[in-house]
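Written below as structure tokens is the structure these notes are about.
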Protein chains: 2
Amino acid sequence: MKTLTYAEENYLKAIYHISEAGKKGVSTNDIAAAMQTKPASVSDMLRKLSNKKVIEYRKYYGVHITEEGKKYALQTIRKHRLWEVFLVEKLHFTWDEVHEVADELEHIKSAILIQRLDEYLGYPKFDPHGDPIPDEYGDVKARPRLPLSEIEINGTGQIVAVKDSSAAFLRYLDKVGAYIGARIKVLDKVEFDGSVEILVDNKKKIFMSREVAGNVLVMV
Amino acid sequence: MKTLTYAEENYLKAIYHISEAGKKGVSTNDIAAAMQTKPASVSDMLRKLSNKKVIEYRKYYGVHITEEGKKYALQTIRKHRLWEVFLVEKLHFTWDEVHEVADELEHIKSAILIQRLDEYLGYPKFDPHGDPIPDEYGDVKARPRLPLSEIEINGTGQIVAVKDSSAAFLRYLDKVGAYIGARIKVLDKVEFDGSVEILVDNKKKIFMSREVAGNVLVMV
DNA sequence: AGATAAGTTTAGGTATAACTAAATATTAAT
DNA sequence: ATTAATATTTAGTTATACCTAAACTTATCT
Ligand SMILES: [Mn+2]
Ligand SMILES: [Mn+2]
Ligand SMILES: [Mn+2]
Ligand SMILES: [Mn+2]
């Protein structure tokens, strides 16, 4: 059991998330953008992470996360998402308020704490943004889901997650009345701009731009 | 509102605790002992804390915490103790398990988090070790209390806190059946070694060495 | 292919927070 | 009042994690 620093945990989490999105090697620039830091700093860190065997690093060709690295990343993600559930369910934070605080809480080092927290929360399977919570071994139950923008007219489904979980986007969804768990039906799609009209819970008609609909994930 | 680093918060908390115990200037060596570090490292840090105006520092003559410094220290102590209550009340940690984890949690920077946590816990006034929880302005309600070793024969009272909150001591108290809230009566005091015999909750007779009784605090 | 652009790494520097060893100041003892 | 003991600070070093500027590698374009 290696001990990673806060910075190392953050980099590893970012590398994991980027490599989940696209399948190939993760580039220095992409990591720098995700971490809001400079490519030169990333190069420094990649050498460190490589020495700790949590990534495979070939200079100039981007990095791959190792199996061991993936375990550490998923552990951090597990903590992040469990804390998010805690903040929303127990402390009544809104889903747009939790991310920053969870980014700090995810680094608290105590196996028993996370075990107890999980138990206390009733072993939740998804966080407030619909993202799956890895179990203590790092196993994630992926749910098949696709962007709302890709549902056909008259197609139905349930909102299960968001792709963008920025505060601005989440507050916008609150405003229009979209939320996780909502049952939806696509009433109309505008060919011209890709915007959609949907019916929420068989009650409320709402409009979404293609941009917005692309960031709302649905299970059919 | 200055931002203190984790290390600065820890030093300031230690300095506050030491200066509460004895009234005069806090020495470099005492801080080093409390922080489990070297005097040379303490000297470095004192210069930093002095620049930030949270302590008054005259070389070779120890330090005094400023009013502003006290506010920061009490804020950290507030967070520490609230988290301890959370761990015990909600996550069912035992009172000997909470200190380490709280030492990490106390540095999480989010005013709203602490406000909500306080509310969620029902605005507790004392932590699991009987120590008072400062309010959001740093006000502490001190409870008059004295070591059990100083109670006269036939004197009664209630255990309200412990002076030593090391895991070993707390587990020992668990074992003999002493706990916070217990009503006690001193049945006998042995002149020779200062040990005491006490009656707990009008039921159970227990023995304590002078050492132990000196670390159990009672309200009469 | 050769030149240029884009991406990445290296070199050198800063800030924090430790450490050891040496120097210096204060306090206690003779 | 010196000297010795104790306490404290300074000097110099290390490790982490950033930065800018310069050098270098790879990819792209004509
Ligand atoms: Mn998040
Ligand atoms: Mn989330
Ligand atoms: Mn504690
Ligand atoms: Mn406590």
Side-chain angles (χ1 to χ4, degrees), chain A residues 2-15 18-19 21-22 24-65 69 72-73 76 103-104 106-109, chain B residues 2-15 18-19 21-22 24-65 69 72-73 76 103-104 106-109:
Chain A
K2 282 151 191 162
T3 307
L4 302 180
T5 65
Y6 281 25
E8 287 168 345
E9 284 185 352
N10 283 333
Y11 271 95
L12 204 53
K13 192 170 61 129
I15 291 167
I18 298 168
S19 61
K24 18 191 165 181
V26 177
S27 78
T28 300
N29 264 1
D30 285 354
I31 298 168
M35 296 290 296
Q36 310 217 75
T37 185
K38 297 295 144 78
S41 307
V42 174
S43 284
D44 280 353
M45 182 55 85
L46 294 184
R47 198 176 25 72
K48 287 179 214 162
L49 292 175
S50 182
N51 288 339
K52 291 200 175 181
K53 313 277 190 205
V54 291
I55 61 169
E56 266 165 39
Y57 179 38
R58 227 185 97 214
K59 267 193 230 176
Y60 293 103
Y61 287 92
V63 301
H64 290 268
I65 194 163
Y72 286 109
T76 306
D103 266 344
E104 289 194 60
E106 74 191 5
H107 301 292
I108 304 292
K109 278 160 189 41
Chain B
K2 282 152 191 163
T3 306
L4 303 181
T5 65
Y6 281 25
E8 287 168 345
E9 284 186 351
N10 283 332
Y11 272 95
L12 204 53
K13 193 171 58 130
I15 292 167
I18 297 168
S19 60
K24 18 189 165 182
V26 177
S27 78
T28 299
N29 264 0
D30 285 353
I31 298 169
M35 295 291 296
Q36 311 217 77
T37 183
K38 298 294 145 77
S41 307
V42 174
S43 284
D44 281 352
M45 181 55 85
L46 294 183
R47 198 177 25 72
K48 288 179 212 162
L49 292 175
S50 182
N51 289 338
K52 292 201 175 180
K53 314 275 192 207
V54 291
I55 61 169
E56 267 165 38
Y57 178 38
R58 227 185 97 214
K59 267 193 229 173
Y60 292 102
Y61 287 92
V63 300
H64 290 269
I65 193 162
Y72 286 109
T76 305
D103 266 344
E104 289 193 61
E106 73 190 7
H107 301 292
I108 304 292
K109 279 162 187 41

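Residue numbers begin at 1 in each chain, while the letters A, B, ... track the order of the sequences.
A/Gln36 has its CD atom 14 Å from the C1' atom of D/dC18, to the nearest Å. In this structure, A/Asn29 places its CG atom 9 Å from P of C/dT9, rounding to the nearest Å. Between the NZ atom of B/Lys59 and the C1' atom of D/dT10 there is a distance of 9 Å, given to the nearest Å. Atom C1' of nucleotide C/dG7 and atom OH of A/Tyr61 are separated by 12 Å, given to the nearest angstrom.
At least one donor-acceptor pair closer than 3.5 Å links the side chain of B/Glu104 to the backbone N or O of A/Lys109. With hydrogens and angles disregarded, a donor-acceptor distance shorter than 3.5 Å links the side chain of B/Lys52 to the backbone of B/Thr3.
Taking only side-chain nitrogens and oxygens, B/Thr5 never comes nearer than 4.0 Å to OP1 or OP2 of C/dT16.
Nucleic acid contact for A/Tyr6: none, since no nucleic acid atom lies under 4.0 Å from a heavy atom of the residue.
Listed nucleotides C/dA25, C/dT9, D/dA17 differ in distance to A/Ala7; the shortest reach to its side chain belongs to D/dA17. Proximity note for A/Ser27 (side chain, C-beta onward) versus C/dT8, D/dT10, C/dT24: the nearest is C/dT8. With D/dT9, C/dG7, C/dA18 as the choices, the nucleotide that has an atom nearest any side-chain atom of B/Tyr57 turns out to be D/dT9. Candidate nucleotides C/dA17, D/dA21, C/dT8 were compared by shortest atom distance to the side chain of B/Glu8, and C/dA17 ranks first.
A/Lys2 meets the salt bridge (charged side-chain N to carboxylate O under 4.0 Å, His left out) test with A/Glu68; sequence neighbours excluded.
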